[in-house]
Number of protein chains: 2
Amino acid sequence: MRLLLAEDDEALVAGLKPALERAGYAVDVATDGVLAQRCADSIDYDLVLLDLGLPRRSGVEVLQHWRSTRKSMPVVVLTARDTWQEKVAVLTAGADDYVCKPFHTEELLARLAAVLKRSTPDMRTPGPLSVAGLSLDEGGQSATLGDGARVELSAIEFRLLRCFMLHPGRVLSQQRLNEHLYDQATDHESNVIEAHITRLRRKIGRDWIQTRRGQGYVFNALAET
Amino acid sequence: MRLLLAEDDEALVAGLKPALERAGYAVDVATDGVLAQRCADSIDYDLVLLDLGLPRRSGVEVLQHWRSTRKSMPVVVLTARDTWQEKVAVLTAGADDYVCKPFHTEELLARLAAVLKRSTPDMRTPGPLSVAGLSLDEGGQSATLGDGARVELSAIEFRLLRCFMLHPGRVLSQQRLNEHLYDQATDHESNVIEAHITRLRRKIGRDWIQTRRGQGYVFNALAET
DNA sequence: GCCGAAGCTGAAACCAGCCTGAAAGCGCAG
DNA sequence: CTGCGCTTTCAGGCTGGTTTCAGCTTCGGC
């Protein structure tokens, strides 16, 4: 889960970024509107947290730019102004949710989860994410196999598997996985992903993740056959 | 767009129902929790507006019932209580949004639109490219034949087929295909294209790609005479 | 019908990309 | 500080997609 936090208030970022990372997101920070726009133009984020009062380019402008270029990632707007007119304006501009400062971190996290649940197919039901006999336990960082066996996952294995389970049947390139697992600071030329895929396969079974040479990996492509 | 308004405050219903209808929704009203549950069990609503303080059965219970029975329509919760704890509780129970009374009708409509935008897979992806029973799945790098059989394609086969499907009925010369599949640096004197055409035909069926001697290939010219 | 050109296709070579075990690096708890 | 487990790197081996090649078939013109 990769997330862009577009916010210029350093104190807020300092508090929020660790909380988001603890919740399992890879967080990029953009401190003004121009940077935010550029970030999301080059990377496919799963979600954007957008402050309206950004320097250089306002949040609304940035949002309109994204929507007019058919970028469709969920955007949650943060703002200090709590008038219903502004809410309407922001939501009709294409935002998915609207949170007023000051807010409690828990509320924000719950809203993010609600928005993501909505935007990713098949995640509408609460409880553990499960696909065809494999289920992921969000709380305990573990997975349960079809036969009931429980498998403990490391942090990265967990995020990797969740990324797969959120996009069953889709080819995920190594680059894409890299972007989702790590934030912009880390620059990998290596085969980290391959290594983790190996470890993950050893734990949950080889067949769940199929490799497509030169393209990436597919989760649970054994729908038929 | 069919919508269930689960609300027992008659004055609120009297004001809200016409506004919703004006906005283009077909509105059913349920005045208590048991009715609301029964309505949504028998009809697939596009969206439910759920008051938390319903008689006979609370909104949270109803919501939990739906989610546990894997009903996945979007639910927007209405409530008078504005504590962040309740927001978190409601959102984690599976609601999609949370609106506090009193609210402005415009704000509610904007939120409904935002929620629906997310939940309908309408414009999320440009849709699979499909021509006369053959469809190309961009996400899964595969093709689906008319009879439902799925065929996995290699990277080059995929690009080749996409090139054909983007120009149905047009003669594409080998040179032209070469330019589309490789960058200009590579200069092929060989019959790579022919080889790939063979492999592609073997996978999707011979008739899709017709050869025009000395000119090139045509996709789907005279769809199966 | 004959002939050359163009296209088809199976087999094999080639090689980029992937797998994986081992070991080094890193961070954290005791 | 030490030990442990997670993460990352590295190198060698392997796999299978891509390309080449050679022999064959098909097509169109004469």
Side-chain angles (χ1 to χ4, degrees), chain A residues 18 21-22 24 26 140-143 151-164 171-219 221, chain B residues 140-143 151-164 171-183 185-219 221:
Chain A
E21 286 170 343
R22 240 176 289 124
Q141 299 257 306
S142 61
V151 173
E152 309 253 331
L153 300 173
S154 75
I156 283 207
E157 286 158 4
F158 182 81
R159 286 198 282 169
L160 187 59
L161 181 55
R162 183 174 55 184
C163 192
F164 274 117
V171 174
L172 301 175
S173 67
Q174 287 202 19
Q175 182 185 344
R176 174 105 195 232
L177 291 170
N178 237 319
E179 288 174 358
H180 280 259
L181 294 183
Y182 306 95
D183 58 28
Q184 58 201 354
T186 55
D187 186 29
H188 285 108
E189 299 292 316
S190 73
N191 64 344
V192 214
I193 298 294
E194 293 166 17
H196 287 299
I197 295 269
T198 296
R199 296 165 59 76
L200 188 56
R201 275 179 176 154
R202 193 175 303 152
K203 286 189 178 179
I204 65 172
R206 187 142 325 238
D207 302 331
W208 290 103
I209 301 169
Q210 206 179 88
T211 127
R212 285 272 217 298
R213 281 207 161 219
Q215 304 177 89
Y217 301 88
V218 190
F219 179 75
Chain B
Q141 301 261 305
S142 61
V151 174
E152 298 186 357
L153 301 172
S154 77
I156 283 203
E157 287 158 3
F158 184 82
R159 284 193 285 169
L160 186 59
L161 180 54
R162 184 174 52 188
C163 191
F164 275 117
V171 176
L172 300 174
S173 67
Q174 287 202 17
Q175 183 185 343
R176 174 99 193 249
L177 291 171
N178 237 320
E179 287 169 0
H180 272 267
L181 295 185
Y182 307 93
D183 55 25
T186 55
D187 187 28
H188 284 107
E189 300 292 318
S190 72
N191 64 343
V192 214
I193 298 295
E194 293 167 14
H196 286 301
I197 295 269
T198 296
R199 294 163 59 75
L200 225 195
R201 277 178 175 155
R202 193 177 303 154
K203 286 190 177 177
I204 66 171
R206 186 144 323 242
D207 302 330
W208 291 102
I209 301 169
Q210 211 176 86
T211 123
R212 285 273 204 288
R213 244 173 189 251
Q215 305 175 74
Y217 300 89
V218 189
F219 178 75

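Heavy atoms only: backbone and side chains are in, while hydrogens, waters and symmetry mates are out. Letters go in sequence order (proteins before strands), and every chain restarts at 1.
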Asks: Kindly point out which of D/dT20, D/dT18, C/dC8 is positioned nearest to the side chain of B/Ala155?
Replies: D/dT18

Asks: Considering only side-chain heavy atoms of A/His196, which listed nucleotide, C/dG7, D/dT8, D/dT20, is closest?
Replies: D/dT8

Asks: Is a donor on one side and an acceptor on the other found under 3.5 Å between the side chain of A/Arg212 and the backbone of A/Val218?
Replies: no

Asks: Specify the separation, in whole Å, of atom CG of A/Leu153 and atom P of D/dG5.
Replies: 17 Å

Asks: Kindly point out which of C/dC19, D/dT19, D/dT8 is positioned nearest to the side chain of B/Tyr182?
Replies: D/dT19

Asks: Could you tell me how far apart A/Leu160 (CG) and D/dC6 (P) are, to the nearest whole angstrom?
Replies: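 My rounded result for the distance is 16 Å.
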
Asks: Is there any protein nitrogen or oxygen under 3.5 Å from a nitrogen or oxygen in nucleotides 23-30 of chain D, and what are the pairs?
Replies:
{"unit_1": "D/dT26", "atom_1": "O2", "unit_2": "B/Arg213", "atom_2": "NH2", "d": "2.6"}
{"unit_1": "D/dC27", "atom_1": "O4'", "unit_2": "B/Arg213", "atom_2": "NE", "d": "3.4"}
{"unit_1": "D/dC27", "atom_1": "O2", "unit_2": "B/Arg213", "atom_2": "NH1", "d": "3.3"}

Asks: Which of the following nucleotides, D/dT19, D/dT9, C/dC19, is nearest to the side chain of A/Thr198?
Replies: C/dC19

Asks: In whole angstrom, what separates B/Phe158's CZ from D/dG17's P?
Replies: 16 Å

Asks: Let me know the distance between CG of A/Leu200 and P of D/dT8, rounded to the nearest Å.
Replies: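 Rounded to the whole Å, the gap is 14 Å.
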
Asks: Of A/Arg162, A/Arg199, A/Arg201, A/Arg202, which meets salt bridge (Lys or Arg N to Asp or Glu O under 4.0 Å) against A/Glu157?
Replies: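 Result for salt bridge (Lys or Arg N to Asp or Glu O under 4.0 Å) with A/Glu157: A/Arg199.
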
Asks: Looking at D/dT18, C/dC18, C/dG7, which one has an atom nearest to any side-chain atom of A/Tyr217?
Replies: C/dC18

Asks: Whole Å only: how far is the CD1 atom of A/Ile197 from the C1' atom of D/dT8?
Replies: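 It works out to 15 Å between those atoms.
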
Asks: From the set C/dC18, D/dT8, D/dT18, return the single nucleotide nearest to any side-chain atom of B/Ser154.
Replies: D/dT18

Asks: Mind calculating the distance between CZ (B/Arg199) and P (D/dT19) to the nearest angstrom?
Replies: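 To the nearest whole Å, that distance equals 10 Å.
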
Asks: Whole angstroms only, please: what is the CD-P distance between A/Glu194 and D/dT8?
Replies: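 For the pair A/Glu194 CD and D/dT8 P, the rounded distance is 14 Å.
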
